[in-house]
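Worksheet: one structure, shown below.
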There are 2 protein chains.
Amino acid sequence: MASIKDVAAEAGVSAATVSRVLNDHPSVSADARTRVLAAVETLGYRPNAVARSLRTDQTHTLGLVISDVLNPYFTELARSVEEEARALGYSVIIGNADERPDLQDHHVRNLLDRRIDGLLVSPTDGGSPLMLDAARAGTPMVFVDRWIPGVDVPVVRADGRAAVRDLVAHLRGLGHRRLAIIAGPAATTTGRERVDAFREALGAYGLALPDAYVGQGDFQAESGRRVTEGLLDLPEPPEVVFAADNLMALGALDAVRARGMRVPDDIALAAFDDIRWFVHTDPPITAIAQPTGELGRAAVRALVARIEGRPGESVTLPARLVVRRSCGEPPSPLPPLSPAPRSTP
Amino acid sequence: MASIKDVAAEAGVSAATVSRVLNDHPSVSADARTRVLAAVETLGYRPNAVARSLRTDQTHTLGLVISDVLNPYFTELARSVEEEARALGYSVIIGNADERPDLQDHHVRNLLDRRIDGLLVSPTDGGSPLMLDAARAGTPMVFVDRWIPGVDVPVVRADGRAAVRDLVAHLRGLGHRRLAIIAGPAATTTGRERVDAFREALGAYGLALPDAYVGQGDFQAESGRRVTEGLLDLPEPPEVVFAADNLMALGALDAVRARGMRVPDDIALAAFDDIRWFVHTDPPITAIAQPTGELGRAAVRALVARIEGRPGESVTLPARLVVRRSCGEPPSPLPPLSPAPRSTP
DNA sequence: ACACCCCGTGTAATCGATTCCAGCACCGAG
DNA sequence: CTCGGTGCTGGAATCGATTACACGGGGTGT
């Protein structure tokens, strides 16, 4: 592969001049510039990003460590992160932690070794020494979705509190009284907060959240299935199951179906995180939707600001309730019978 | 951040010795080794992967360019690729082309600039000069899922021909005669092959595939919706719609629902690529399942073989039909009523 | 005793870029 | 004619690693 020296030789100039042309440095003669560009063209030269990074101490790369690629919420997040980063002149390297702290550490270490300019993390746990040290050592960092308390790192996330209140109001309005939740890992903020918000909202209706109605999941489908089976086995099973993420809702659906029971007749179901498929499940699932794309973009903006020495602040966006039919009678009098408003020529 | 010189100074040896210790070079005294390791520990030293790559001309990194991260098929592929690569000592950088040739080129260029050791591609189109040149220039490369004919690059993919025949047999068995397909872009192999396989299977039953029954999609949900609307508007609409990927099936479902029609009563639906949600859609969707994880792993093995100078061959694995209820009467006499075989204590 | 070898180590070159600094040519002003 | 810019250019240092080569010291074989 051609190097800058080859280009220099081809153009009859020094490597320094080639570099200046490529970096739009003003003091290059028009003549030299055209000769260099011609040489670049004929050799098909492309600058070696590795060498450039070593010299400039900048990789123009962001690391993104997410908890689970197979979760549509995170892939949507990853997509918007990459999009915004690209618009700002950065590339993104994604690390998938699969909800495993050891894998998370592996990726953080790998990204740090590659000298990425900044790190976007949705932590799987309370934070390993590695990550905390990096933050303290001044690695530009931003937390997305989940965060670690007590660390001086901006947090970009959605606040689901109001939406959870709306959900509980909706459930109460349908007459449900025994409400259970499939929680995420207590080591994650979203794992704790969603339970807290749920309990708080129930409290506002004078309802308690008994321990038996708090199932411990791990944000994976299998745990949703397992927890739901446990809930159904209770002497007094809940009337509603609220899954703290979409994969656990999938698992819950598996469990309910395996018993030959029906949603919402036998048990109601709601989920945190909305995904496109929820419109077409049987029944369509009521969910709390996060502004995922906006979160990803805001996180990148905050991180790039930090990298470039600007402040880079925390952002909290509201989530909202999307009512469908999985908790009981439909929001509208009848399921849609007529075509959608758009014209069909 | 500490460099190898700092470690050398701390340990009272030269940088060469530090390097030898870190790379398990045999000729280092036990004494020097312990002093170096101690220095590494106290300084929290981590080798700079950028510098190392520049010197050794190896990044231990694979590039993976996929057509669409939001497609569960590709995220599953990406996950298995990363897993196998990690097991073999490589990292993976993912580029998402979003089915756009220009974006695909952007990522290929970016990955090449970073001097990745090898490239895994699921091409969005017939191949830009950039990619073809790279292949010819000897960049280790492997195609996954989709490929480009006439290029000397191993291909790892699933063969859906038999499964499509099974599907058509299933549809014929249910009495369907007017079968339509929502095709992928003609520029992709999977876009063409799935139509060909479908037409061939129909032929075996003496059925034709009229042009009007071949809708042109682009593997995205929106195109599935649009094409389905067109099919439904036909004077003689098809009895079955076969979507060439899962996202277009989602779009088809959107379109059918917007008309207040029902699957499979008013129209049957089947899809290429199986995903977990298809079990829970209304109705559960009959699909052709690829051995996605195995494809990803095989692709990595082939690529790493090429990188390390070994042959690295093409692999073709069979896909299989998974019958559910979206094409008509259920495979079993009744939908499951009893609990799943696993015991519930 | 001498030649030889092996072990452990350091010096220095190298990878491909960027950038400081010095120098050369040419210009206009005094 | 000289002086001081100004504009362009190349030489060389540098980033942080790896590795070929040389060297000193100690052991071994004859």
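In what follows, every chain begins at residue 1, and chains take the letters A, B, ... in the order their sequences are listed.
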### Query
Tell me, which pairs form a ring-ring contact (aromatic ring centres under 6.0 Å, His included) where one or both residues lie in residues 53-102 of chain A, sequence neighbours left out?
A:H60-A:Y90
### Task
Sequence neighbours left out, what passes side chain to side chain contact (heavy atoms under 4.5 Å, CB included) with A:V40? Give chain and number order.
A:V7, A:L22, A:V36, A:Y45
### Sequence-distant partners of B:R310, side-chain hydrogen bond (donor to acceptor under 3.5 Å, both in side chains), two or more places apart
B:E308
### Task
For nucleotides 7-20 of chain C, just jot down a letter per nucleotide in 5' to 3' order: B, S or -, based on protein non-hydrogen atoms under 4.0 Å.
-SBBB-BBBBBBBB
### Bend angle of the helix from C:dA1-D:dT30 to C:dG30-D:dC1, end axes from five pairs each (to 10°)
60°
### Query
Going by the salt bridge (Lys or Arg N to Asp or Glu O under 4.0 Å) test, which pairs reach into residues 25-40 of chain A, not counting sequence neighbours?
A:D31-A:R35
### Query
Which ring-ring contact (aromatic ring centres under 6.0 Å, His included) pairs, counting each pair once, include a residue from residues 120-146 of chain B, with sequence neighbours left out?
none
### Task
Return the set of residues passing side-chain hydrogen bond (donor to acceptor under 3.5 Å, both in side chains) with B:N23 (not counting sequence neighbours), or none when no residue passes.
B:S19
## Note on the structure
Residues at least two apart in sequence or cross-chain that pass side chain to side chain contact (heavy atoms under 4.5 Å, CB included) with B:T42, listed by chain then number, are B:E10
